[in-house]
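Throughout, a chain's letter reflects where its sequence line sits, starting with A, and its residues are numbered from 1. Just so you know, these numbers use all the heavy atoms, side chains as well, and skip hydrogens, waters and symmetry mates.
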Amino acid sequence: MKKRNLILLWLTAVLILLAACQPTEQEDTINLPAESPAPGVEPPPGFADWDAVLQAAQGQTVNFYMWGGSDLINGWVTGYVADAVQERYGVTLNMVPVADGPEYVNKVLGEQQAGRDEDGSVDLVWVNGENYRTMRQAELLYGPFSEYLPNSIYVNWNDPSVANDFGLSVDGYEAPYGKAQFVMIYDSAKIENPPTTVDELLAWIQANPGLFTYPAPPDFTGSAFVRHICYHAVGGYENLLGEFDQALFDAQLPACWDVLNQIEPFLWREGQTYPESHTRHQELFANGEVYFDMAYNPAEASSLVENGRYPETTRTFVFDEGTIANTHYVAIPYNSPNKAAAMVVANFLLSPEAQLSKAQPENWGDLPVLDPALLGAEDQAAFNAIPRGVATLSTEELAANRLPELQAPWLTAIEQAWETAVLQP
Amino acid sequence: MTRIKQTLQPRTLILAAIVVGVLLPFVPLLLWSVSFRWLYPSVLPESLSLRAWQYVFSPRAEVLSALGYSTLVALLVTALSILIGLPAGRALGLYKFRGKTAVRFLILAPTIVPTLAAAMGIHVLFIRYGLVDNVLGVVLVHLIPVLPYVVLILSGVFANYNPDFEAQAQTLGASAWQRFRHVTLPTIFPALMVAGLFAFIISWSQYILTLLIGGGQVVTLPVLLFSFVSSGDNAITAALSLVFIAPALLFLLATARYLSGNQASLGGFGKL
Amino acid sequence: MPTRLRPYLLLAPTLAVILLLFGGGVLLALMQSVGYLPFLGRTEITLDAYRAILQQAAFSQSFFLTLWVALASTAVSTLLALVCALALRRPFRGHRLITFIFQLNIPIPHLVGAVGILFLFSQSGFLARLANLAGLISQPADFPAIVFDPWAIGIILEYVWKTTCFTGLILLATLQGVGNDLETAAQNLGANRWQRFRYVTLPLLTPSMVSASVLVFAFTFGAFEVPLVLGQRFPSMLPVLAYRSYVDIDLNARPEAMAMNVIITLLIGVLIFLSTCASRTKRCAVNGER
């Protein structure tokens, strides 16, 4: 009797196993779509033309390393994107979820160190900022390729916020994927008229002790909030643009630490400690411990309402002086054995169709990276018709209040200095 | 009567504490997995929803594939470790030989020294020889923490084992396989089950070794679960956690009878 | 097959796996910590990594935190396990059910245990809400900080939750193995309950308790998942610190990660050697008294 039970158990296990490990059926013949590359651009290294890329891509599998903490984003990539590239190009897309960006940078570095220059394991990464800079400087990226992609004709490469990733020029080593903009989040049931300038917010904090905090840098979101305060304190981002300059940093930034230290006694837990991550800060907001949340994604609040994690009365706003925006990209490691398929995926992600799907709040709600002026009338109309989530601001309102990012070394310096100047003064 | 009551009282308290203590952490897991909008200070979810379970069982969540990877790895590790560890357990339990203390120490070393340290050390060689990003490499690295436990449990049963029965069977003309099947196996079966349980569970629970050697591509359940733990989506985290523990609980149900009431298998831990 | 060789042949596969994978791993960690990697063309030996981490305040803070967590978890769980094993020792109504519940968390992965503790003990968690219902606290901040706290209480709770059952089952198995004879004999000789426990049961259990504590101590000192879920970012437990250095964007941090691994390995080795030594001499002393 007991042995029969055991055998049953093992059989079940094996069945689960077989069900899960079924190889994806590969269609033999695919009518590859007729696509032509962006005019006047050299084909990417190793390929004669776009047709050669499409041919080589067929049957390849792309390991797409990306942050995997959002069911929405994961579902969009493994569902919509994977299905489309399989069907149209015969490319299998394998999403590899990572908890933290630097993991894959380190992985490619480790492969380079161990001499795996031909058959790396990472084919496509979701990247920007510091990680892009590191990979580019360590020559871990393949390219230039992105300006050659057929769908890159919809990208305005003259827009500095697209052509530069945190101040480092893209040069065809990254393909744009989407845009993000910082927003403040509040509960309209608790605050009717939120402060809409940095000054007003600072005043609100002092008038309402214990109800505000921000995630401790180097948390991505907390670090972005601190930059807003710094922009304000130094009299505008213009004073910090350009290459990192230690002398300028030492001269300007103390003003920012002063502001942050002034509000510290009025913060949650009197500023003795800060939430360690954006996630923990979200929890504080959801449970009503603090009255403001913040996100580097204008649609995040809406999807949190959808998911039942935030109250239905949640709303967002941007500062009158603007909030920081950036572009996120995909890039291909130098040792990917599936560069052709990775380019096909990058190209698909840039298509008006995919960008439109990505912008739907129920899919992801990410801001499109294409320039509306370069799109056809039909696509333009479709982009204009995207329904917004209950808490999401309109594209126009966001676009009208955009501030640029600083170069990555500034970010690192601010994050490090915050620890000594604000956290433990 | 009063005497009996007095002696029973503290034990009843302890037993109640055991039940509550063991089961309490599962309560919020169950509640979160079906919750929708569950904010402080509500003790129960404001409304119920199957959102998390729908996501977990939808094909786009790739939970099924993670379940497959976890099962494949854990079963391979269990089978391999018993295959390799059984002879070693027999040698350690049954024989006296020169260098036994040293060998014992060596085999037990991975239970003491963190396997993560060894795994980080060997990572660079695994990269070089193509043992990263695939199931084979993950299975190999799981053997490090699993094998000592298997050997330890099996050596415990062989310490009380009488090989004379095998000799008698041999004189009666039984083949090596017949001797194993009809003499050795029935005696060691309970310990084998416990060893299998431990091997399965240790492999099933590994996160960091799988992440390091699997390079993020062998997405087992803990790897998938972890990306949700850090994202703060409590409902999905809870549902995934429950999926994660279900097979291990099944395995326990099948082998529970061998865990207690049988000192030979677990007693091995007491004789380190 | 010559009988003298037999045990060695039986041991060969296991030893091969342990020596190659584990021994090789530790050796490679040692080599990388001193920057010696001949197959990557690096043959210079340097102690820079050790110097660097020993100068970091973060390292010593992490070390003391890790030591505290491992010691506290081991002590509390061993004590609780002893109590549980004694309570579960003899049959009673519902014995089977409660013993089964006691075994229940053996197969639960630590990661899930950590999630359970997080949902239970965070300042807006289940217990905080119950406390609010009972009128003990009004807002989440009133609930004591048990997870992400400087004393790592949340981590210790998870380890205690998991390892009490582990140690308890080992002790239970030992108790069932030795039976009641000695205690009955002591009772017949007029020993009271406390004396029977102190001079008969406890000495019988001591070797198992030492073994189990060593396993628990080593595990909690070197484990990774639970601190990652329940621990403060700074200072972090040593294994987390080592892993973070290993996956740092800067590859130069890798030798430092390896140096931490080597130090963790040595420390655990020394501590466990000392503790087993101490318990042995104590055992010897007890024997000598008799």
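Each of Ala128(C), Pro107(C), Ala218(C) has some count of heavy-atom pairs under 4.5 Å with chain B, and the biggest count is that of Pro107(C). Ranked by heavy-atom pairs under 4.5 Å with chain C, the first of Leu252(B), Leu197(B), Leu29(B) is Leu252(B). Taking Leu23(B), Leu116(B), Val22(B) one by one and counting their heavy-atom pairs under 4.5 Å with chain C, the maximum is reached by Val22(B). Among the candidates Leu83(B), Val229(B), Leu147(B), the residue making the largest number of heavy-atom pairs closer than 4.5 Å to chain C is Leu147(B). For the options Ser205(B), Pro148(B), Gly99(B), heavy-atom pairs under 4.5 Å to chain C are most numerous at Ser205(B). Between chain C and the options Leu240(B), Leu253(B), Val150(B), Val113(B), the largest number of non-hydrogen pairs under 4.5 Å is found for Val113(B). Taking Pro41(B), Ala119(B), Ser230(B) one by one and counting their heavy-atom pairs under 4.5 Å with chain C, the maximum is reached by Pro41(B). When Ile117(C), Val26(C), Leu27(C), Leu228(C) are compared by the number of non-hydrogen pairs under 4.5 Å with chain B, Leu228(C) comes out ahead. Between chain B and the residues Leu20(C), Ile98(C), Val160(C), Asn105(C), the largest count of heavy-atom pairs under 4.5 Å involves Ile98(C).
For Ile264(C), the part lying near chain B is the side chain, with the backbone staying farther off; criterion is any non-hydrogen pair under 4.5 Å. Residue contact with chain B, scored on non-hydrogen atoms closer than 4.5 Å, is absent for Leu171(C). For chain B, the nearby parts of Leu104(C) are the backbone and the side chain; heavy atoms of each come within less than 4.5 Å. In this structure, chain C has no heavy atom under 4.5 Å from any part of Phe200(B). Proximity to chain B (any heavy atom under 4.5 Å) is restricted, for Leu133(C), to the side chain, taken from C-beta onward. Of the atoms belonging to Ile84(B), heavy atoms from both backbone and side chain fall under 4.5 Å from chain C. Val151(B) touches chain C through its side chain: at least one heavy atom from C-beta onward sits under 4.5 Å away, while N, CA, C and O do not. In this structure, chain C has heavy atoms under 4.5 Å from both the backbone and the side chain of Leu106(B). Contact annotation for Tyr95(B): only side-chain heavy atoms (C-beta onward) come within less than 4.5 Å of a heavy atom of chain C. Neither the backbone nor the side chain of Leu131(B) comes within contact range of chain C, judged by heavy atoms closer than 4.5 Å. Contact annotation for Leu225(B): only side-chain heavy atoms (C-beta onward) come within less than 4.5 Å of a heavy atom of chain C. No part of Thr220(C) comes within reach of chain B, as not one of its non-hydrogen atoms sits under 4.5 angstrom from that chain.
The minimum heavy-atom distance linking Ile122(B) with Gly24(C) is given by the pair CD1-C, 4.5 Å. Here the shortest heavy-atom pairing between Ala91(B) and Pro7(C) reads CB-O, 3.6 Å. When all heavy atoms of Gly116(C) and Pro28(B) are compared, the closest pair comes out as O-CG, 4.3 Å. Nearest heavy atom pair, residue Met120(B) against residue Met258(C), reads O-CE, 3.3 Å. Nearest heavy atoms, Ala117(B) versus Ala29(C): O-CB, 4.1 Å. The two residues Tyr8(C) and Arg98(B) have their closest heavy-atom pair at OH-O, 2.6 Å.
Proximity of Phe224(C) to Leu212(B): side-chain heavy atoms (C-beta onward) are nowhere separated by under 4.5 Å. No side-chain heavy atom of Phe119(C) sits less than 4.5 Å from a side-chain heavy atom of Val27(B). Between Trp38(B) and Phe126(C), the closest side-chain pair of non-hydrogen atoms falls below 4.5 Å. The shortest distance between side-chain heavy atoms of Thr12(B) and Phe92(C) does not fall below 4.5 Å. Using a 4.5 Å heavy-atom cutoff, the side chains of Val17(C) and Leu80(B) are not in contact. Counting only heavy atoms from C-beta outward, the side chains of Val19(B) and Leu97(C) never approach each other to under 4.5 Å. Thr14(C) places none of its side-chain heavy atoms less than 4.5 Å from the side chain of Pro87(B). Within the 4.5 Å cutoff, the side chain of Pro25(B) has heavy atoms near those of the Trp161(C) side chain.
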Go through the steps to decide whether Ile14(B) and Leu86(C) satisfy the test side chain to side chain contact (heavy atoms under 4.5 Å, CB included), and finish with yes or no. CA-CA 10 Å; Ile14(B) 295 169; Leu86(C) 291 173; over 6 Å; no
Passes side chain to side chain contact (heavy atoms under 4.5 Å, CB included), Tyr149(B) versus Leu215(C)? Steps please. CA-CA 11 Å; Tyr149(B) 280 92; Leu215(C) 285 177; 4.0 Å; yes
Check the pair Leu15(B) / Leu88(C) against side chain to side chain contact (heavy atoms under 4.5 Å, CB included), numbers first and verdict last. CA-CA 8 Å; Leu15(B) 295 178; Leu88(C) 289 174; 3.6 Å; yes
Residue pair Leu92(B), Leu11(C): steps toward the side chain to side chain contact (heavy atoms under 4.5 Å, CB included) verdict: CA-CA 8 Å; Leu92(B) 280 183; Leu11(C) 282 164; 4.2 Å; yes
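In this structure Ala109(B) satisfies the side-chain contact (heavy atoms from CB on, under 4.5 Å) test together with Phe22(C), sequence neighbours excluded.
Between Ile18(B) atom CD1 and Cys165(C) atom SG the span is 8.0 Å, to the nearest 0.5 Å. How far CD1 of Ile208(B) is from OH of Tyr243(C): 4.0 Å, rounded to the nearest 0.5 Å. Between atom OG1 of residue Thr111(B) and atom CD1 of residue Ile272(C) there is a gap of 7.5 Å, rounded to the nearest 0.5 Å. A distance of 4.0 Å separates CD1 in Ile245(B) from CD1 in Ile108(C), rounded to the nearest 0.5 Å. Remark: Leu21(C) CG to Leu140(B) CG distance equals 5.5 Å, nearest 0.5 Å. Interatomic distance, NE2 of His123(B) versus CG of Leu28(C), reported as 12.0 Å (0.5 Å rounding).
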